[in-house]
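These numbers come from a predicted model, not from an experiment. All chains are named by letter (A, B, ...) in the order of the sequence lines, taking the proteins before the strands, and each is independently numbered beginning at 1.
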There are 2 protein chains.
Amino acid sequence: MSDGRTTWRDIAADLRGAIERGEVRPGEQLPTQSQLIQRYGVASQTVANALSALRAEGLIRSRTGSGHFVRERPPILRSTRSRLSAAERAAGRGTFLSDAHAGDWTPRSETEIRVEPASARVADALGLDEGVEVLVRDRLMFADDVPVQLAISHLPRELTVGTRIEEPDPGPGGIYARLEDAGYAPLRFDEYVRAGTASAPEADRLGLPTGAPVLRITRIATTDERLVEVNFLVLDGERFELHYIV
Amino acid sequence: MSDGRTTWRDIAADLRGAIERGEVRPGEQLPTQSQLIQRYGVASQTVANALSALRAEGLIRSRTGSGHFVRERPPILRSTRSRLSAAERAAGRGTFLSDAHAGDWTPRSETEIRVEPASARVADALGLDEGVEVLVRDRLMFADDVPVQLAISHLPRELTVGTRIEEPDPGPGGIYARLEDAGYAPLRFDEYVRAGTASAPEADRLGLPTGAPVLRITRIATTDERLVEVNFLVLDGERFELHYIV
DNA sequence: AAGTGGTCTAGACCACTTG
DNA sequence: AAGTGGTCTAGACCACTTG
């Protein structure tokens with residue numbers, strides 16, 4: 001029984017249709033598992049598989065003890081990548097605050113600072129030798145208290161020691177403004193964008209189901225002479241839209 | 001038992017660790033379900049759940065009758081978005097051919113041309129009235145004969161009538177070169193990037209499993225005066241990496 | 001207290017692949 | 001023919017939410 005059509009796929013398709021036709025509207029509850037077991041005359045596991053698939057597609061949210069609900073599509077967070085501009089820095093906003101300023105949501109972030117030897121991947125990206133000390137700023141960012149973005153930034157330690165970059169709050173304009181103060185103004189940003197699925201720890205931190213679509217961005221900041229930062233970003237793929245002007 | 005830790009999650013984490021530590025290498029087979037049932041002393045469904053999660057993460061591929069195998073990560077197709085440049089057009093390459101030139105893969109595409117009344121979405125993007133005639137170029141693009149990109153381009157019909165843009169092969173430099181010939185040289189491209197999961201028809205055309213991560217790009221081309229094209233792109237999220245210089 | 005989702009058991013059967 | 005993955009049955013128990 002491993003051709004395309006299976007019972008749980010049929011049930012999932014049936015429920016998906018009901019949602020798409022608007023018979024169950026966003027925010028409303030689907031029939032309970034018991035009701036679905038009765039309606040389709042199948043075992044509990046079969047219904048569970050169907051609902052699990054709809055959850056993975058992001059069509060429903062399930063709340064233990066409460067029910068399965070059609071997801072309300074949250075507003076999209078637009079993020080224009082021309083934002084990394086001197087104008088925004090001059091206005092005292094870092095990149096994330098700059099996004100928030102363009103949208104109308106309230107930003108917040110939790111930052112953890114640590115010092116690590118550069119991994120092969122980081123050393124390669126920053127043009128350092130493996131094992132050289134780097135400063136890591138591990139940030140989880142919230143929009144209206146919903147976690148939406150994970151950013152793990154790495155900088156050569158020699159550039160950050162004694163600056164506010166090593167503090168959770170680097171001050172107005174963010175770390176790029178502090179780099180500029182130190183004579184390392186980033187002039188160019190290279191962003192490498194991929195789509196992927198959330199790993200278990202990422203899903204946990206971002207409050208997504210495992211396997212939910214995410215945007216993965218590797219951003220490399222460069223002065224006119226050297227690489228100063230590599231930042232690994234993971235964004236909720238369904239809530240974020242990146243805007244690039246080419 | 002609905003806190004984070006469950007048996008199937010523990011088993012998935014265990015196998016994920018073995019893969020990440022390289023104990024099971026890409027292409028190699030995981031223990032069979034029977035072996036895992038024995039090893040962990042659990043029911044078949046529990047092991048099935050764990051493997052299902054790893055599959056959703058894209059870590060393994062399962063082949064009925066054969067086994068579960070660690071996925072080989074296919075080579076990444078880099079695509080630099082500064083490619084939409086006059087230089088590339090002058091060299092006689094369209095955007096897709098330009099990507100191919102930068103990578104070392106062989107491009108091919110299947111193009112279907114049709115004329116349609118503008119949908120609300122397209123009309124909105126192009127600043128036209130709904131229902132106005134637009135030319136649609138529906139293309140499926142292949143790299144080394146593997147389908148990797150879907151591009152559905154819409155242009156106001158008045159700009160394309162009588163030009164090679166209405167032919168499957170628009171000639172050297174692609175449609176942007178033809179627009180330039182007609183006095184509508186695109187000067188600015190706005191790209192809006194999201195991550196999502198492949199719908200059933202998209203998965204079918206791109207040869208992906210339904211729900212696989214994809215990159216969705218809406219690209220709007222503008223001359224100094226007007227909007228000339230809106231292009232909806234869907235890319236295999238795991239094979240493509242977009243490169244933007246900001 | 002009753003209902004709900006999530007997980008688990010211990011089997012069963014089927015389509016498919018491999019030797 | 002034997003082994004494999006995928007699905008299914010018919011229950012069970014637990015944590016949680018709701019009235």
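Contacts between residues 24-38 of chain A and DNA chain D, defined by a heavy-atom separation below 4.0 Å, involve no residue at all. Near DNA chain C, defined here as any heavy-atom distance below 4.0 Å, the residues from residues 46-54 of chain B are B/Thr46, listed numerically.
For CZ of A/Arg114, the number of neighbouring non-hydrogen atoms (other residues, nucleotides, ligands) closer than 6.0 Å is greater than 12. Counting non-hydrogen atoms of other residues, nucleotides and ligands closer than 6.0 Å to CD of A/Gln29 gives a total above 12.
When all heavy atoms of A/Ser109 and A/Met141 are compared, the pair lying nearest together is CB-CG, 3.8 Å. Residues A/Gln33 and A/Ala48 share a closest heavy-atom pair of OE1-CA, 4.3 Å.
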Using a cutoff of under 3.5 Å, can you pull out all pairs of nitrogen or oxygen atoms linking the protein to nucleotides 17-19 of chain D, with atom names and distances?
from   : atom 1 : to      : atom 2 : distance (Å)
D/dT17 : O4'    : A/Gly65 : O      : 3.4

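Put simply, CG on A/Leu235 and CG on A/Leu150 are 9.0 Å apart, with the number rounded to the nearest 0.5 Å.
At a threshold of 4.0 Å, the pair B/Arg219-B/Asp190 does not count as salt-bridged, since none of the basic side-chain nitrogens sits closer than that to a carboxylate oxygen. Taking a cutoff of 4.0 Å between a charged side-chain nitrogen and a carboxylate oxygen, A/Glu167 and A/Arg164 qualify as a salt bridge. Under a 4.0 Å N-O distance rule, the pair A/Arg216/B/Glu241 does not qualify as a salt bridge. A salt bridge is absent between A/Asp236 and B/Arg194; no separation between the charged side-chain nitrogens and carboxylate oxygens falls under 4.0 Å.
Considering B/Glu229, B/Arg139, B/Arg137 as possible partners of B/Ser153, the one that fulfils the side chain to side chain donor-acceptor pair (under 3.5 Å) test is B/Glu229.
Distances shorter than 4.0 Å separate some side-chain N or O of A/Thr7 from OP1 or OP2 on D/dC8. Taking only side-chain nitrogens and oxygens, A/His68 comes nearer than 4.0 Å to OP1 or OP2 of C/dG5. Regarding contacts with the backbone of C/dT7, a side-chain N or O of B/Arg9 is found under 4.0 angstrom from either OP1 or OP2.
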Hey, can you pull the donor-acceptor pairs under 3.5 Å for the side chains in residues 10-22 of chain B, sequence neighbours left out?
from    : atom 1 : to      : atom 2 : distance (Å)
B/Asp10 : OD1    : B/Arg5  : NH2    : 2.9
B/Asp14 : OD2    : B/Tyr40 : OH     : 2.5
B/Arg16 : NE     : B/Glu57 : OE1    : 3.0
B/Arg16 : NH2    : B/Glu57 : OE2    : 2.7
B/Arg21 : NE     : B/Glu23 : OE2    : 2.7
B/Arg21 : NH2    : B/Glu23 : OE2    : 3.3

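Distance CH2 (B/Trp8) to P (C/dT7): 6 Å, rounded to an integer number of Å. As rounded to whole Å, 17 Å separates atom P of C/dC13 from atom CD of B/Gln45. B/Asp10 has its CG atom 18 Å from the P atom of C/dG6, to the nearest Å.
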Q: Kindly determine whether A/Phe232 and A/Arg121 satisfy side chain to side chain contact (heavy atoms under 4.5 Å, CB included), including the steps that lead there.
A: CA-CA 11 Å; A/Phe232 302 110; A/Arg121 185 184 178 205; 3.3 Å; yes
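Within 3.5 Å, a donor on the side chain of B/Ser44 pairs with an acceptor on the base of C/dG11, or the reverse.
Out of C/dT9, C/dT7, D/dT9, the shortest distance to the side chain of B/Ala43 is found at C/dT9. In the set C/dT9, C/dG6, C/dG11, C/dG6 carries the atom at the smallest distance from any side-chain atom of A/Ser62.
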Q: Taking Watson-Crick and G-U wobble pairs with both distances under 3.5 Å, convert DNA chain C into its dot-bracket string, 5' to 3', dots for unpaired and | for cross-strand pairs.
A: ||||||||||||||||||.
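Nucleic acid contact for A/Arg61: none, since no nucleic acid atom lies under 4.0 Å from a heavy atom of the residue.
Residues A/Leu30 and A/Leu36 have side chains not in contact (no heavy-atom distance under 4.5 Å, counting atoms from C-beta outward).
Judged as a side-chain hydrogen bond (donor to acceptor under 3.5 Å, both in side chains), and not counting sequence neighbours, B/Ser34 has no contacts.
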